[in-house]
Every structure is written in structure tokens, then in C-alpha cells.
S.K.: 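The structure is given below, and queries will be raised subsequently.
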Protein chains: 2
Amino acid sequence: MAQRKSLKNDACPMARSLDIVGDQWSLLIIRDAFDGMKRFGEFQQSLGVAKNILADRLKNLVHEGVLDLAPASDGSLYQEYVLTAKGKGLFPVVVGLRHWGEAHLYAKGEPHSVLVERESGKPVPKIALRMRDGQALTPEDTFVKKLPAKKAAAH
Amino acid sequence: MAQRKSLKNDACPMARSLDIVGDQWSLLIIRDAFDGMKRFGEFQQSLGVAKNILADRLKNLVHEGVLDLAPASDGSLYQEYVLTAKGKGLFPVVVGLRHWGEAHLYAKGEPHSVLVERESGKPVPKIALRMRDGQALTPEDTFVKKLPAKKAAAH
DNA sequence: CCGTATCCATTCCGATACTG
DNA sequence: CAGTATCGGAATGGATACGG
């Protein structure tokens with residue numbers, strides 16, 4: 001009865017997203033996947049997470065269609081976890097979290113890893129939200145249009 | 001011993017970000033704050049979360065400088081929770097999660113709330129990641145430049 | 001090397017009752 | 001209305017041990 005409230009059927013897309021990646025590990029796994037990691041052991045070593053929960057999270061991400069299982073590219077008999085198109089769609093979220101952390105969570109001069117462009121080696125520019133007319137978009141420029149709330153939906 | 005691994009000192013900005021907002025509720029609270037909610041009861045009703053956890057999360061977000069306590073704008077004697085500049089910096093993350101959910105988590109024709117521009121009432125355009133030269137940026141165009149890993153840091 | 005299975009401590013979460 | 005206090009069940013997370 002005290003189980004986590006499922007947001008799978010929420011009327012808010014953000015809530016549904018968080019139902020899948022809204023935990024401590026999933027987005028870190030996805031980060032590492034963007035970083036080229038594919039093998040169980042790579043994730044395990046990178047994250048320092050217990051193997052049982054790593055297995056659990058990977059399974060869930062595969063189930064949700066964020067990761068896909070593919071035969072190993074090298075000779076080994078195991079499978080690899082690769083991002084699906086759906087998974088790659090999380091790239092802006094990953095980059096957004098990274099940029100926010102860079103901007104607000106480090107002391108001045110404190111070093112951290114950086115996402116850079118492959119060719120130039122220079123940092124990826126900050127995300128710029130734009131309106132339809134191309135102007136910068138601030139939170140105040142927007143609001144959420146909710147559902148008509150027919151019966152008892154979208155509480 | 002089985003306590004959540006703190007990522008506060010991680011060398012990856014994304015990890016630090018998740019240390020603050022990487023749970024089920026924080027980003028939903030922030031979403032509602034962007035949506036104009038300020039009062040304890042508003043969050044409580046919107047999220048349907050137990051009051052003790054809501055209080056805990058709000059306290060933590062205030063402590064982390066994402067929300068700020070301000071005297072009530074109306075006559076009431078209670079305080080209000082408002083986004084700080086740091087908190088508003090999460091807007092791209094919120095929008096990114098929303099867009100990802102819209103694109104991948106709904107059946108065709110299934111209704112959901114939409115983030116729209118205040119003036120036109122039209123949906124906010126999708127986030128476009130760009131390289132420094134203005135071209136579209138894909139995950140493959142990037143890599144993470146990690147720290148030199150001096151001693152035993154950035155494990 | 002890739003997981004699965006088990007044990008145990010801690011944390012999370014929901015429901016409820018309670019104070020001011 | 002805005003929280004705090006408490007309780008119990010569920011999930012999380014770490015540390016192994018074990019099998020393919």
C-alpha cells in the first residue's frame with residue numbers, strides 16, 4: 001500500500017518521463033551510454049552501484065525501450081546495452097542537467113568533466129530555449145495548458 | 001551502510017544535479033513552481049504526495065537554494081515557496097523531460113497537457129541543441145572530457 | 001565476465017493523527 | 001492552512017555468494 005505512486009498514466013508528460021528516469025541511477029546509466037559504455041561491467045565500475053540494482057535498472061530501461069540489447073560487437077558471448085532512438089531523445093535532458101550542475105553546483109575554479117564537441121574539443125554551447133519567432137524563451141513566457149479534465153482524470 | 005551514495009562531490013556535474021533533483025518528487029515540485037504554485041497546500045493537492053515527504057522535499061530544495069521562502073503575497077501569515085534564479089535554471093531540464101514524454105510516452109491521439117507560449121497560446125518549440133557554428137548537435141558529435149584524475153578523485 | 005539470488009540496513013512513501 | 005510526529009509496508013542499496 002505504501003508503494004511508489006505510478007505516474008505511467010499521468011496527463012503530464014513530465015510526470016510520465018519521471019516515472020521512467022526519475023530515480024537516482026537511470027539517468028546516470030543513460031549518461032554513460034551516451035558516453036559510449038555498453039557492457040554491464042563498464043556501468044558497474046563507472047557507477048559503483050550494486051550489481052543487483054544495476055541489473056534491475058538495465059532491465060527496466062530495456063523494458064521501457066530506452067535501451068536495447070544487441071549482440072556483442074567484439075567476440076564475447078554477452079550482449080551489449082545500446083541506446084535506442086527513444087533513449088537518444090533524452091540527450092537534451094542529459095545536457096540540461098549537466099549545464100545546470102556546471103553553472104550552480106561547483107565552487108569557482110573547482111574542476112569538473114565537460115561535454116565537448118568532438119571535432120573542436122570545445123565545450124558544447126548552453127541550451128537556448130527559443131520561442132517560435134526565434135526570441136529567447138523564459139519561464140514567464142509560458143504556461144501549461146492542462147487537459148479539460150473530463151471526468152475524474154488528470155487529478 | 002546502505003545509505004544513498006552521495007554524489008555531492010562527484011566530478012560530473014550531472015551527477016551532482018541528480019543528487020539534488022534526482023528523485024521522484026523534486027522535479028515535479030519544480031514543475032508546479034514554474035506553473036505558478038507557491039503554497040504548501042497547492043503542491044500537496046497537485047502531487048497527491050504525503051505531507052511529510054512534501055515538507056521534507058521542500059525543505060531540501062530550500063536548503064539547496066532551488067526554492068526560496070518568501071512572505072505570503074496575500075494577507076495570510078504563511079510563507080510561500082518561490083523559485084530562485086538557480087531554480088529557474090532548471091527550466092530547460094523541465095522542458096526537455098516534457099518534450100521527451102510527449103514524443104515517446106503517449107499513444108497516438110492520447111491527450112496530455114502542453115506547454116504553450118503565453119501570448120500566442122501555441123506549443124513551445126522543441127529544444128534544439130546546436131554546435132558552436134549553429135549546426136544541429138547530435139550525441140555522436142560530442143564526448144565527455146573527464147578530469148585528469150589526479151589522485152583517487154573522480155572515481 | 002555476466003548476471004542472479006539472498007541477506008540485511010536504510011530510506012522512501014503513504015496514511016493518519018496531531019499541534020498551532 | 002501549514003506543517004510535525006509516528007507507524008508500517010515497500011523499495012532501495014550494499015555486500016557477498018553463487019551459477020552460466
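Order of the sequence lines sets the chain letters (A, B, ...), proteins ahead of strands, with each chain counted from 1.
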S.K.: Between Leu47(B) (CG) and dA15(C) (C1'), how many Å, whole number?
M.R.: 17 Å

S.K.: For the pair made of CG in Leu28(B) and P in dC13(C), what is the distance, rounded to whole Å?
M.R.: 11 Å

S.K.: Let me know the distance between CG of Leu54(B) and P of dT4(D), rounded to the nearest Å.
M.R.: 10 Å

S.K.: Is a donor on one side and an acceptor on the other found under 3.5 Å between the side chain of Gln45(A) and the backbone of Glu42(A)?
M.R.: no

S.K.: Under the ring pair (Phe, Tyr, Trp, His ring centres under 6.0 Å) definition, can you give me all pairs with a residue in residues 66-116 of chain B, not counting sequence neighbours?
M.R.: Phe34(B)-Phe91(B), Trp100(B)-His104(B), Tyr106(B)-His112(B)

S.K.: Between dT10(C) atom P and Ile53(A) atom CD1, what is the distance in whole Å?
M.R.: 16 Å

S.K.: Has the side chain of Asp23(A) got a donor or acceptor atom sitting under 3.5 Å from an opposite partner on the base of dT12(D)?
M.R.: no

S.K.: Output, in order, the C-alpha distance, side-chain angles, deciding distance and verdict of side chain to side chain contact (heavy atoms under 4.5 Å, CB included) for Ser17(A) and Leu105(B).
M.R.: CA-CA 7 Å; Ser17(A) 296; Leu105(B) 268 26; 3.8 Å; yes

S.K.: For Asn60(B) and dT11(C), give me the distance from atom CG to atom C1', rounded to whole Å.
M.R.: 14 Å

S.K.: Given 3.5 Å as the limit, does a donor-acceptor pair link the side chain of Asp32(B) with the main chain of Ile29(B), or not?
M.R.: no

S.K.: Kindly list each side-chain donor-acceptor pair under 3.5 angstrom involving residues 63-70 of chain A, sequence neighbours excluded, with atom names and distances?
M.R.:
none

S.K.: dG13(D) phosphate, OP1 or OP2: any side-chain N/O from Trp25(A) under 4.0 angstrom?
M.R.: yes

S.K.: Once you round it to whole Å, what is the distance between P of dA11(D) and CD of Gln24(A)?
M.R.: 18 Å

S.K.: Atom CG of Leu7(A) to atom P of dC12(C): distance rounded to whole Å?
M.R.: 17 Å

S.K.: For nucleotides 1-3 of chain D, give me every protein contact, N/O to N/O, under 3.5 Å, one pair per line with atom names.
M.R.:
residue, atom, partner, partner atom, Å
dC1(D), O3', Arg39(B), NH2, 3.4
dC1(D), O2, Tyr78(B), OH, 2.7
dA2(D), OP1, Arg39(B), NE, 2.4
dA2(D), OP1, Arg39(B), NH2, 2.8
dA2(D), OP2, Gly41(B), N, 2.9
dG3(D), OP2, Tyr81(B), OH, 3.1
dG3(D), N7, Lys51(B), NZ, 3.0
dG3(D), O6, Lys51(B), NZ, 2.5

S.K.: Any pair with a residue in residues 6-31 of chain B that passes ring pair (Phe, Tyr, Trp, His ring centres under 6.0 Å), sequence neighbours left out, goes on the list, sorted by first then second residue, please.
M.R.: none

S.K.: Do Asp19(A) and Lys8(A) sit within salt-bridge range, that is, some charged N less than 4.0 Å from a carboxylate O?
M.R.: yes

S.K.: Anything below 3.5 Å on both distances counts as a pair; with that, list the stems of at least three consecutive Watson-Crick or G-U pairs involving DNA chain D.
M.R.: C:3-20 with D:1-18

S.K.: Please report, to 0.1 Å, the donor-acceptor pairs under 3.5 Å made by any side chain of residues 116-128 of chain A, with sequence neighbours excluded.
M.R.:
residue, atom, partner, partner atom, Å
Glu117(A), OE1, Ser120(A), OG, 3.4
Glu117(A), OE2, Arg132(B), N, 2.8
Arg118(A), NE, Glu140(B), O, 3.0
Arg118(A), NH2, Thr142(B), O, 2.8
Ser120(A), OG, Lys122(A), N, 3.1

S.K.: Does the pair Asp35(A)/Lys146(B) count as a salt bridge with the N-to-O cut at 4.0 Å?
M.R.: yes

S.K.: Taking atom types as they are modelled, is there a donor-acceptor pair under 3.5 Å from the base of dT12(D) to the side chain of Asp56(A)?
M.R.: no

S.K.: Taking atom types as they are modelled, is there a donor-acceptor pair under 3.5 Å from the base of dG13(D) to the side chain of Asn52(A)?
M.R.: no

S.K.: Return the value, rounded to whole Å, for the distance between atom CD of Gln44(B) and atom C1' of dC13(C).
M.R.: 13 Å

